[in-house]
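The structure appears right after this line, and notes come after that.
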Amino acid sequence: MKTKYLLLAVCIPLLSIAQYQYESSTKNPFGQPNPEAPKELLDYSKLIGECNCKSQSRKPNQTWADPINMKWRFKYIMNGMAVQDETVKADGRHSGSIRQFIADSTKWYVHYYSTAAPTPTLSTWKGGKNDNGNIILYKDQKASNGTKGYSRLTFYDIDDKGYKWIGEWVDKTESVSFPFWKIDCTNGKIVSNSH
C-alpha cells in the first residue's frame, strides 16, 4: 500500500510537469513549440522574443504621424500549441493577438485586441506564410468610400535580427493599396530564448 502511494506521489507531479513542459520558463522565457503542434507553428519562430520597434500610423488628415517607440513580444502559449504577441507602446496604446493555426483550414487565425478600442468581439484576420517567407493575413473591410476590399497585414524582411510589418487596405484584386500602419523591428532582438 505504501508503495502505491509513493508511486502516486512521484507520478502525479511528473504528469503535471509534462502537461506544461513547453510553457514559459526561466530557461525559455518565451516558451517552446510543442512537437505535437502543426508544423506551421514555426512560421513565427524568428519572431519569438522581444524587439525594440518603431511604430508609425496615419493621422486623421492621412499624413504619417511621428514614429513611436514600441516593444513587441512574441511567445508560445497553450503549452506550445499557439502564439501570443503583445505590443507596449510609449504612447500608452497597447495591443496584442492570439495566433492559432487551424489545420483543417490550413490557415492562421489571428484575434486582435487593443487598449485603444476595447470591444466585446475581437477582430480576426486569417492567412498564412507565402513562398517568399512573408506572413500575410486578411480581413474583409470596406474602404471609407464603400469600396469592397481587405485589411491586409504583412510580416516581411524576417530574419534573426528582426522583421518589418505593414497594415494596408487593398482592393479585392490587390492592385490598389493604401498603407495605414507600419512597424520596423529590424534593429535586432533585445531578448530571445536561450536555444
Next on the checklist: Please say yes or no: joined through hydrophobic side-chain contacts below 4.5 Å, possibly via intermediate residues, are W64 and I68 part of one cluster?
Outcome noted: no
Checklist entry - Can you check salt bridge (Lys or Arg N to Asp or Glu O under 4.0 Å) on D140 and K172, steps first, answer last? => result CA-CA 9 Å; D140 285 332; K172 288 288 185 177; 3.2 Å; yes
Next on the checklist: If I take atom CG from residue L41 and atom CD from residue E36, how far apart are they, to the nearest 0.5 angstrom?
Outcome noted: 12.0 Å
Next on the checklist: Nearest 0.5 Å, please: how far is NZ in K46 from CD1 in I48?
Outcome noted: 13.0 Å
Checklist entry - Does the side chain of N132 come within less than 4.5 Å of Y156's, by heavy atoms? => result no
Next on the checklist: Both conditions, 6.0 Å and 45 degrees, for the charged tip of K107 above the ring of F101: are they met here?
Outcome noted: no
Checklist entry - Between T87 (side chain) and S95 (backbone), is there a donor-acceptor pair under 3.5 Å? => result yes
Next on the checklist: Let's go through D160 and K189 carefully: what are the C-alpha distance in whole Å and the side-chain angles of both, what is the deciding distance for side-chain contact (heavy atoms from CB on, under 4.5 Å) to 0.1 Å, and is it a yes or a no?
Outcome noted: CA-CA 8 Å; D160 293 331; K189 291 265 186 80; over 6 Å; no
Next on the checklist: A side-chain contact here means heavy atoms from C-beta on lying under 4.5 Å apart; do N52 and K71 qualify?
Outcome noted: yes
Next on the checklist: A quick test of your reading: do over 12 heavy atoms of other residues, nucleotides or ligands sit less than 6.0 Å from NZ of K39?
Outcome noted: no
Checklist entry - When rounded to the nearest 0.5 angstrom, what is the spacing between CE in M70 and CD in E86? => result 11.0 Å
Next on the checklist: Can you confirm whether S25 sits close enough to Q32 that some side-chain heavy atom of one is under 4.5 Å from a side-chain heavy atom of the other?
Outcome noted: no
Next on the checklist: Applying a strict under-4.5 Å side-chain criterion to I, L, V, M, F, W and Y, I'd like to know whether M78 and I102 cluster together.
Outcome noted: no
Checklist entry - What's the verdict on side-chain contact (heavy atoms from CB on, under 4.5 Å) for L47 and W72, showing C-alpha distance, side-chain angles and the deciding distance? => result CA-CA 9 Å; L47 281 70; W72 203 343; over 6 Å; no
Checklist entry - If you measure from CG on D184 to NZ on K54, what distance do you get to the nearest 0.5 Å? => result 9.5 Å
Checklist entry - Taking the side chain from T119 and the backbone from L122, do they hold a donor-acceptor pair closer than 3.5 Å? => result no
Checklist entry - Under the ring pair (Phe, Tyr, Trp, His ring centres under 6.0 Å) criterion, do W108 and F155 qualify, and how do the steps go? => result CA-CA 13 Å; W108 279 97; F155 287 94; over 10 Å; no
Checklist entry - Are side-chain N/O atoms of N69 and K89 paired as donor and acceptor at under 3.5 Å? => result no
Item to check | A82 to Q100 - nearest heavy-atom pair and separation | outcome: CB-CG, 3.8 Å
Checklist entry - Do T154 and R152 have side chains that get closer than 4.5 Å, going by heavy atoms? => result yes
Item to check | Flag if over 12 foreign heavy atoms under 6.0 Å of CG, D104 | outcome: no
Checklist entry - Between Q56 and W181, which heavy-atom pair has the shortest distance, and what is it? => result O-CD1, 3.2 Å
Item to check | Y44 with V191, same ILVMFWY side-chain cluster at under 4.5 Å | outcome: yes
Checklist entry - Would you call I98 and Y113 a side-chain contact if the rule is heavy atoms closer than 4.5 Å? => result yes
Item to check | Side-chain donor/acceptor of D171 to backbone N/O of V176, under 3.5 Å | outcome: yes
Item to check | Full working for side-chain contact (heavy atoms from CB on, under 4.5 Å) between S144 and W169 | outcome: CA-CA 10 Å; S144 55; W169 180 86; over 6 Å; no
Next on the checklist: Can you see whether F74 has R99 sitting over its ring - NZ or CZ less than 6.0 Å from the centre and within 45° of the normal?
Outcome noted: no
Checklist entry - Going by the angle between their ring planes, with limits at 30° and 60°, are Y112 and W125 parallel, tilted or perpendicular? => result perpendicular
Checklist entry - Do you know which two heavy atoms are closest between N79 and N34, and how far apart they sit? => result O-ND2, 3.0 Å
Item to check | Nearest atoms (heavy-atom pairs only) where D43 meets I135 | outcome: O-CD1, 3.5 Å
Checklist entry - Which heavy atom in E174 sits nearest to a heavy atom in V170, and how many Å separate them? => result CG-CG2, 4.0 Å
Next on the checklist: Nearest 0.5 angstrom please: E23 CD to I77 CD1, how far?
Outcome noted: 8.0 Å
Item to check | Polar side-chain atom of K139 near backbone of L153 as donor-acceptor pair, under 3.5 Å | outcome: no
Checklist outcome for this item: In short, G133 meets I158 closest at the heavy-atom pair O-CD1, 3.5 Å
Next on the checklist: To the nearest 0.5 Å, what is the distance between OG1 on T124 and NE2 on H111?
Outcome noted: 5.0 Å
Checklist entry - How about C53 and C185: are their SG atoms under 2.5 Å apart? => result yes
Checklist entry - Is it the case that more than 12 heavy atoms not belonging to D131 sit under 6.0 Å from its CG atom? => result no
Item to check | Candidate pair Y22 and Y76, rule side-chain contact (heavy atoms from CB on, under 4.5 Å), full reasoning | outcome: CA-CA 8 Å; Y22 303 106; Y76 296 109; over 6 Å; no
Next on the checklist: Quick check: do P179 and R58 have side-chain heavy atoms less than 4.5 Å from each other?
Outcome noted: yes
